[in-house]
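Right, one structure below, let's go through it.
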Amino acid sequence: MTEEKSLNFLEEIIEQDIENNKHGGRVLTRFPPEPNGYLHIGHAKSICLNFGLGQKYKGKTNLRFDDTNPSTEEVEYIDSIKTDVRWLGFQWDQELYASDYFEQLYSFAVTLIKKNLAYVDDSTAEEIALAKGTPTEPGVPTHYRARSIEENLKLFEEMRAGKYPDGAKVLRAKIDLSSPNMHMRDPLLYRIKHVHHHRTNNNWCIYPMYDFAHGQSDAIEKITHSICTLEFIPHRALYEWFIEKLDLFPSKQYEFARLNMTYTVMSKRKLLQLVNERHVNSWDDPRMPTISGLRRRGYTPQSIRNFCERIGVAKRENNIDVGLLEFCIREDLNLSAWRRMVVLDPIKLIITNYPEGKEELLQSENNPEAQNGDGFRNIPFSKTLWIEREDFMENPPKKFFRLGLNLMVRLKSAYIIKCENFVKDEAGNIREIHCTYIPESKSGNDTSGIHVKGTIHWVSIAHAKTAEIRLYDRLFQVENPANEEGDFKDYINPNSLQIISKAYIEPDLATTNNNRPYQFIRKGYFVLDTDSKPGHLIFNRTVTLKDTWAKVIEKK
RNA sequence: UGCCCAAUAGUAUAAUGGUAGUACAACUGAUUUUGGUUCAGUUAGUCUAGGUUCGAACCCUGGUUGGGCAACCA
């Protein structure tokens with residue numbers, strides 16, 4: 001295989017396996033979420049990895065819900081996970097559930113008991129934890145470890161039959177209480193939980209633990225490459241132990257480093273806290289790193305897939321610059337977003353030599369980056385306009401290519417104007433800017449011979465419509481909130497959401513009613529929010545444009 | 001003071017015993033009716049000490065640093 005791009009370590013393993021005709025060259029991966037929360041950008045990395053490997057090596061990928069803990073899992077999460085995976089652009093081969101295998105897993109457990117490799121332990125959770133020892137001291141057996149096979153068989157059956165209350169007994173593997181790997185010190189296989197399960201209802205009151213369910217589920221499905229995150233490395237020995245002792249299909253587990261990203265948190269627990277404690281409005285709040293949040297924010301599946309491709313895959317702990325994600329969405333939107341003019345912070349501009357009552361319809365391209373231009377729309381022009389307050393300065397610094405006394409700029413798709421005067425109120429605030437325009441400088445038909453450095457956006461006051469605009473910024477003020485002293489929530493950015501209730505938009509934009517991304521010229525990329533209604537448009541800012549001028553100003 | 005994993009520019013990620021490369025970020029400049037885009041360029045890296053070798057980011061040993069492991073969570 002002659003690839004220009006180098007392979008990541010998983011691709012290397014798979015290509016070697018294919019070369020050695022392992023599993024007849026077959027590749028089958030799986031994405032195994034637990035349905036107890038919403039998917040986030042870190043899951044996107046795993047999804048792109050698993051489905052991507054399946055595609056690349058002409059294999060398949062299953063979606064398997066790891067639903068072995070009914071006390072935290074809900075159908076709501078299953079639906080959102082399926083929606084998010086599909087939205088990202090992936091198609092699973094089979095939709096499966098670990099709970100589909102409960103009967104089979106039970107018989108696996110019986111097999112282990114019969115081989116004297118598992119036993120029922122009546123100790124409490126605390127007693128078991130204590131008897132396990134510590135990483136530096138070996139564990140000791142509880143006296144239940146010596147139970148006979150017959151007794152274990154009987155007790156385990158009674159556990160299933162519901163004879164015992166929650167916590168009364170557990171089934172444990174009998175491995176090695178002095179293993180340096182804590183996970184091999186007689187790990188728990190089954191616990192009693194008299195809880196309704198969203199798929200098996202009340203059929204079961206004992207549920208398998210992750211370690212006893214995951215690997216066997218992989219084996220049952222004949223998964224060839226079971227890819228998980230680094231924290232499961234110590235579980236691998238157990239994973240292989242079960243497969244060996246039960247003589248199952250030899251699925252192999254491989255581990256990669258999970259995604260971390262600057263200025264956000266990624267653990268389900270922390271995200272749940274942000275929602276429950278109302279630091280954000282919902283799981284799909286556009287400030288959340290959840291897939292649903294990113295979607296609502298205006299991120300495209302393509303941009304997220306590109307991001308996951310660019311960050312790579314390795315075994316090293318990482319903290320990816322959120323700037324890379326922002327680069328990926330700008331890159332994508334630059335090619336597709338229609339340009340529109342919107343004034344967020346308005347100030348009135350009067351063109352003194354433009355006839356009162358005159359109107360012109362000016363043409364402007366929807367997207368200068370699209371090969372064919374993607375068409376045009378008309379924009380009404382008149383004597384009085386809204387422009388951005390920050391595009392005028394009373395005392396402009398050098399290289400300020402915008403408006404100031406006697407300075408000239410072009411009004412995008414319209415005329416070149418020159419600032420002649422401005423009006424202040426008693427408080428000293430600038431209320432109006434007075435300009436003259438140059439009739440020969442009309443866009444597309446400019447015979448004036450004048451060249452100006454700056455171009456600014458505008459909206460005709462008489463024709464402007466309004467919309468609510470929600471400006472988002474990073475949710476946290478520090479790069480790695482989870483690693484800071486104290487509570488991560490102390491580092492929440494108080495200005496992560498700024499609402500502009502009344503921005504002026506060009507009339508064409510007021511008719512939008514779809515998910516099309518827009519670039520508000522010179523301001524950023526925006527998309528209609530799900531709260532938006534025909535009479536009350538709401539736009540979310542997906543990301544700002546790169547702003548080198550802001551950087552220059554900041555330095556001064 | 002046990003076991004396991006990792007260590008390459010600011011952030012990620014390649015180079016698999018033979019020229020340390022790519023992307024983002026940063027910085028210059030050109031182009032531009034978006035201070036956007038595009039284009040050209042610059043800065044900047046092998047944790048450390050030994051060893052093997054003609055030759056080491058890569059192999060070996062010790063150390064250092066970071067991370068993980070003792071849930072009836074996954």
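His143(A) is linked by a side-chain contact (heavy atoms from CB on, under 4.5 Å) to nothing, counting only residues two or more places apart in sequence or in another chain. With sequence neighbours excluded, the residues that form a side-chain hydrogen bond (donor to acceptor under 3.5 Å, both in side chains) with Arg339(A) are Asn334(A), Asn367(A). Partners of Glu326(A) by side-chain hydrogen bond (donor to acceptor under 3.5 Å, both in side chains), not counting sequence neighbours: none found. Legend: residues meeting side-chain contact (heavy atoms from CB on, under 4.5 Å) with Asp508(A), ordered by chain and number and at least two apart, are Arg340(A), Arg377(A), Glu506(A). For Phe401(A), the side-chain contact (heavy atoms from CB on, under 4.5 Å) partners at least two apart in sequence or on another chain are Lys399(A), Lys453(A). For Lys442(A), the side-chain hydrogen bond (donor to acceptor under 3.5 Å, both in side chains) partners are Glu360(A), not counting sequence neighbours. For Lys45(A), there are no salt bridge (Lys or Arg N to Asp or Glu O under 4.0 Å) partners two or more places apart in sequence or in a different chain. In this structure Asn181(A) satisfies the side-chain hydrogen bond (donor to acceptor under 3.5 Å, both in side chains) test with no other residue, sequence neighbours excluded. For Asp122(A), the side-chain contact (heavy atoms from CB on, under 4.5 Å) test picks out Val120(A), Tyr144(A), Arg147(A), Lys169(A), with sequence neighbours left out.
Between Tyr518(A) and Phe539(A), the ring-plane angle classifies as perpendicular under the 30° and 60° cut-offs.
Each of Arg236(A) and Asp547(A) was matched to the nucleotide of RNA chain B holding its nearest heavy atom; the match closer to the 5' end belongs to Arg236(A). Nearest-nucleotide mapping onto RNA chain B: of Phe520(A) and Ala257(A), the residue sitting toward the 5' end is Ala257(A).
Here the separation of C39(B) from A9(B), taken at their C1' atoms, is 24 Å to the nearest Å. As rounded to the nearest Å, U38(B) and U33(B) have C1' atoms that lie 16 Å from one another. Comparing G66(B) with C59(B), their P atoms are spaced 23 Å from each other, to the whole Å. With both ends at atom C1', the span from A12(B) to U46(B) equals 15 Å, rounded to whole Å. Atom P of U65(B) sits at a distance of 34 Å from the matching atom of U43(B), rounded to the whole Å. Of the C1' atoms belonging to A26(B) and C4(B), the separation is 38 Å, rounded to the nearest Å. Between G18(B) and A56(B), the two C1' atoms lie 10 Å apart (nearest whole Å). Annotation: G68(B) and A74(B) have their C1' atoms spaced 15 Å apart (nearest Å).
Side-chain contact of Asp186(A) with Tyr119(A): a donor-acceptor pair under 3.5 Å is present, judged by distance alone. Inspection of the His183(A) and Asp211(A) side chains reveals no N or O donor paired with an N or O acceptor under 3.5 Å. Under the 3.5 Å distance criterion, with hydrogens and angles disregarded, a donor-acceptor pair is assigned to the side chains of Glu221(A) and Asn62(A).
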inquiry  = Please encode protein proximity along nucleotides 62-74 of chain B as a string of B, S and -, counting only heavy-atom distances under 4.0 Å.
reply    = -----S-SBSBSB

note = Per-nt protein contacts along nucleotides 23-31 of chain B (heavy atom under 4.0 Å; B base, S backbone sugar-phosphate only, - none) come out as SS-SS----

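Side chain Glu137(A) to base G2(B): no donor-acceptor pair is found below 3.5 Å. Between the side chain of Arg410(A) and the base of U33(B) there is at least one donor-acceptor pair of N/O atoms closer than 3.5 Å. For Arg402(A) against G35(B), a side-chain-to-base donor-acceptor contact under 3.5 Å is present. Judged by distance alone with a 3.5 Å cut-off, a donor-acceptor contact links the side chain of Gln519(A) to the base of U34(B).
Separating the OH atom of Tyr437(A) from the C1' atom of U33(B) is a distance of 18 Å, rounded to the nearest angstrom. Per the geometry, CH2 belonging to Trp549(A) stands 15 Å off C1' belonging to U34(B), to the nearest Å. Straight-line distance from the CG atom of Asn367(A) to the P atom of U33(B): 17 Å, rounded to whole Å. A12(B) atom C1' lies 14 Å from atom CG of Asn8(A), rounded to whole Å. Between the CD1 atom of Ile379(A) and the C1' atom of U34(B) there is a distance of 12 Å, given to the nearest Å. Here G36(B) presents its C1' atom at 15 Å from CE of Met341(A), a figure rounded to the nearest Å. Across the protein-nucleic acid pair, Ile320(A) atom CD1 and A12(B) atom P stand 6 Å apart, rounded to whole Å. Spacing between atom CD of Glu326(A) and atom P of G36(B) amounts to 16 Å, rounded to whole angstrom units.
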query = Going through the distances and angles, do Lys252(A) and Asp218(A) end up as a salt bridge (Lys or Arg N to Asp or Glu O under 4.0 Å)?
reply = CA-CA 9 Å; Lys252(A) 282 280 183 188; Asp218(A) 285 343; over 6 Å; no

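The residue Val313(A) sits close only to the backbone: its heavy atoms come under 4.0 Å of sugar-phosphate atoms, none of a base. Within the nucleic acid shown, Gly444(A) comes within 4.0 Å of at least one base atom, counting heavy atoms only. Within 4.0 Å of Phe307(A), counting heavy atoms only, lies no atom of the nucleic acid at all.
OP1 or OP2 of G36(B) lies within a sub-4.0 Å distance of a side-chain N or O belonging to Thr548(A).
Out of U34(B), U13(B), U33(B), the shortest distance to the side chain of Ala314(A) is found at U13(B). In this structure, the nucleotide among G35(B), A12(B), C5(B) sitting nearest to the side chain of Ile233(A) is C5(B).
In RNA chain B, runs of at least 3 consecutive Watson-Crick or G-U pairs, each pair with both distances below 3.5 Å, span B:2-7 with B:64-69, B:10-13 with B:21-24, B:26-30 with B:38-42, B:47-51 with B:59-63.
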